[in-house]
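Below is one structure, written out as structure tokens, with a few remarks after it.
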Amino acid sequence: MGQALAATYPTARRTFEEANDVLGYDLARLCFEGPHEDLMATRNCQPAVLTHSVAAWRVAAEHGVEGSLAMGHSLGEYSALVACGSLSFEEALRLVEARGAATTDVVAQHPGSMAALLGASDEDVEALCLEAGEVWPANYNCPGQVVASGLHRGVDRLMDLARARGIKARLLDVDGAFHSSVMAPAADRLRESLSGVKINAPSVPFLSATSAAFERGDRLRSLLAQQLTAPVRFTQTVRMALDSGVDRFVEFGHRRVLVGLVRRIVPGVEAVNLGDPSDLPALLALAGRSTT
């Protein structure tokens, strides 16, 4: 994860080195070499995803690529806030580390799960969650794909109800009820960490997937805490970006998950990912930049 990018671009390598210094352990080695089980642990995975995303964004910026707004999906909002200058990379790392620790502790005390419901409308999923109880809509990813989150028994009831009504339901490989009220204790802890953080005015507009609105100033502080218990309104946020004049999307990071979601929200839209050096030519072509 990120190894080729760091080997090719000094900017990316320095980003991983900066993360090592801030966190006090070799995150770069964990990203590049694993082991996979350690990398996927929430405490490590969240700083790793942030670091890779910021490294990729810095490479793009170094090549003259600029954006008209910044947005993210859940954890991705931290790298978006770094990209628009509202958070320093160091502050974002410390916050994400605190976020991972807080959610890990809640999971240990209140295990939960998440399930993707496929082919159902937002309203149908909301009604099923209400009927099942102890489970709530967590990610509005794209039309026909809503993820629900809650305690194990609630998610089990939801899946039974969905299947009985011909709705495909798939359990996700997570151990927590993320983006639900179960995470309230983690939100309270994160709120304390956020209280002393300096938040700058964004250099480009920041579009929040928590509120599906443009946000700035101290409002960002409360939103980042609220994010842990609120659903990710990605579908609505992408549509808001389109209404604001955006016609091209770039995903910075390890995979192409958001590129796929954006294309399902807006069929035919131009969207690319930057996670490895081989991705850069397509990004530069999209941005109208030379590959030399």
Side-chain angles (χ1 to χ4, degrees), residues 40 42 45-46 49 71-77 103 106-107 109-184 186-187 207-213 223 226-243 249 251 253-269 271 273:
M40 290 304 295
T42 300
C45 184
Q46 294 196 18
V49 170
M71 57 184 283
H73 185 293
S74 188
L75 176 68
E77 293 202 301
T103 55
V106 171
V107 168
Q109 297 175 37
H110 305 287
S113 54
M114 302 176 76
L117 278 71
L118 308 175
S121 68
D122 294 355
E123 295 76 15
D124 286 344
V125 174
E126 290 164 358
L128 282 174
C129 287
L130 192 61
E131 184 177 350
E134 299 180 303
V135 61
W136 302 268
N139 302 156
Y140 294 91
N141 284 333
C142 65
Q145 186 189 123
V146 180
V147 174
S149 175
L151 299 176
H152 287 305
R153 54 183 178 265
V155 174
D156 289 344
R157 288 194 299 268
L158 175 68
M159 294 185 70
D160 289 341
L161 287 170
R163 289 165 178 164
R165 295 170 195 184
I167 297 171
K168 292 182 179 178
R170 179 171 56 86
L171 201 62
L172 303 187
D173 185 21
V174 298
D175 55 4
F178 303 107
H179 295 289
S180 80
S181 59
V182 176
M183 288 291 148
L207 182 53
S208 168
T210 301
S211 63
L223 277 171
Q226 180 187 340
Q227 181 200 77
L228 291 180
T229 57
V232 180
R233 301 186 181 278
F234 191 70
T235 300
Q236 299 90 326
T237 305
V238 169
R239 288 174 174 158
M240 175 68 75
L242 291 165
D243 291 343
F249 293 82
E251 176 182 5
H254 183 51
R255 295 178 177 171
R256 292 171 170 78
V257 175
L258 300 187
V259 165
L261 294 180
V262 167
R263 288 173 177 165
R264 290 183 64 180
I265 297 168
V266 196
V269 74
N273 167 266

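Keep in mind that this is a model prediction, so the values were computed, not measured.
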Whether [X] side chain and [Y] backbone form a donor-acceptor pair below 3.5 Å:
X      : Y      : result
Ser149 : Phe178 : yes
Thr210 : Gln227 : no
His179 : Ala230 : yes

Indicate the atoms forming the closest heavy-atom contact of [X] with [Y], along with that distance.
X      : Y      : result
Met240 : Ala212 : CE-O, 3.3 Å
Asn139 : Met114 : OD1-CE, 4.1 Å
Arg157 : Gly133 : NH2-O, 3.1 Å
Val155 : Ala115 : CG1-CB, 3.9 Å
Val107 : Gly176 : CG2-CA, 3.6 Å
His152 : Gly112 : CE1-O, 3.1 Å

**Prompt:** How about Asp173: does its CG atom have over 12 heavy atoms from other parts shown lying under 6.0 Å from it?
**Reply:**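 Check fails, neighbour count at 12 or below.
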Ignoring hydrogens and angles, write down the donor-acceptor pairs under 3.5 Å from the side chains of residues 164-171, residues two or more places apart or on other chains.
residue: Arg165; atom: NH1; partner: Glu131; partner atom: OE1; Å: 3.0
residue: Arg165; atom: NH2; partner: Glu131; partner atom: OE1; Å: 3.1
residue: Arg165; atom: NH2; partner: Glu131; partner atom: OE2; Å: 2.8

What distance separates [X] [atom1] from [Y] [atom2], expressed to the nearest 0.5 Å?
X      : Y      : atom1 : atom2 : result
Ser113 : Met159 : OG    : CE    : 8.5 Å
Cys142 : Arg263 : SG    : CZ    : 13.0 Å
Met71  : Leu207 : CE    : CG    : 5.5 Å
Ile265 : Thr235 : CD1   : OG1   : 4.0 Å
Glu77  : Leu223 : CD    : CG    : 7.5 Å
Ser74  : Leu228 : OG    : CG    : 7.5 Å

Return the set of residues passing side-chain hydrogen bond (donor to acceptor under 3.5 Å, both in side chains) with [X] (not counting sequence neighbours), or none when no residue passes.
X      : value
His73  : Asn141
Gln236 : none
Asp124 : Ser121

**Request:** Just do the side chain to side chain contact (heavy atoms under 4.5 Å, CB included) check on Leu258 and Phe234 with the steps written out, would you?
**Result:** CA-CA 9 Å; Leu258 300 187; Phe234 191 70; 4.1 Å; yes
**Message:** Determine whether Val238 and Val269 satisfy the following criterion, side chain to side chain contact (heavy atoms under 4.5 Å, CB included), listing intermediate values before the conclusion.
**Reply:** CA-CA 11 Å; Val238 169; Val269 74; over 6 Å; no
**Message:** Taking the side chain as everything from C-beta on, heavy atoms only, tell me whether Trp136 gets closer than 4.5 Å to Pro231.
**Reply:**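 Sidechains of Pro231 and Trp136: no contact.
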**Prompt:** Is Leu158 close to Cys129 at the side-chain level, that is, under 4.5 Å between some pair of heavy atoms?
**Reply:**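 Yes - at least one pair of side-chain heavy atoms lies under 4.5 Å apart.
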**Message:** Once ring pair (Phe, Tyr, Trp, His ring centres under 6.0 Å) is applied, do any residues pair with Phe249, and if so which ones, sequence neighbours excluded?
**Reply:**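 Scan of Phe249 (ring pair (Phe, Tyr, Trp, His ring centres under 6.0 Å), adjacent residues dropped) gives none.
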**Which residues share a side chain to side chain contact (heavy atoms under 4.5 Å, CB included) with Leu151, sequence neighbours left out** =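 Leu151 satisfies side chain to side chain contact (heavy atoms under 4.5 Å, CB included) with Glu134, Arg153, Val182 once adjacent residues are dropped.
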**Request:** Could you give me the CA-CA distance, side-chain angles and deciding distance for Thr103 and Met183, then say whether side chain to side chain contact (heavy atoms under 4.5 Å, CB included) is met?
**Result:** CA-CA 7 Å; Thr103 55; Met183 288 291 148; 4.0 Å; yes
**Request:** Begin from the C-alpha positions of Val146 and Glu126 and carry the test side chain to side chain contact (heavy atoms under 4.5 Å, CB included) through to its verdict.
**Result:** CA-CA 9 Å; Val146 180; Glu126 290 164 358; over 6 Å; no
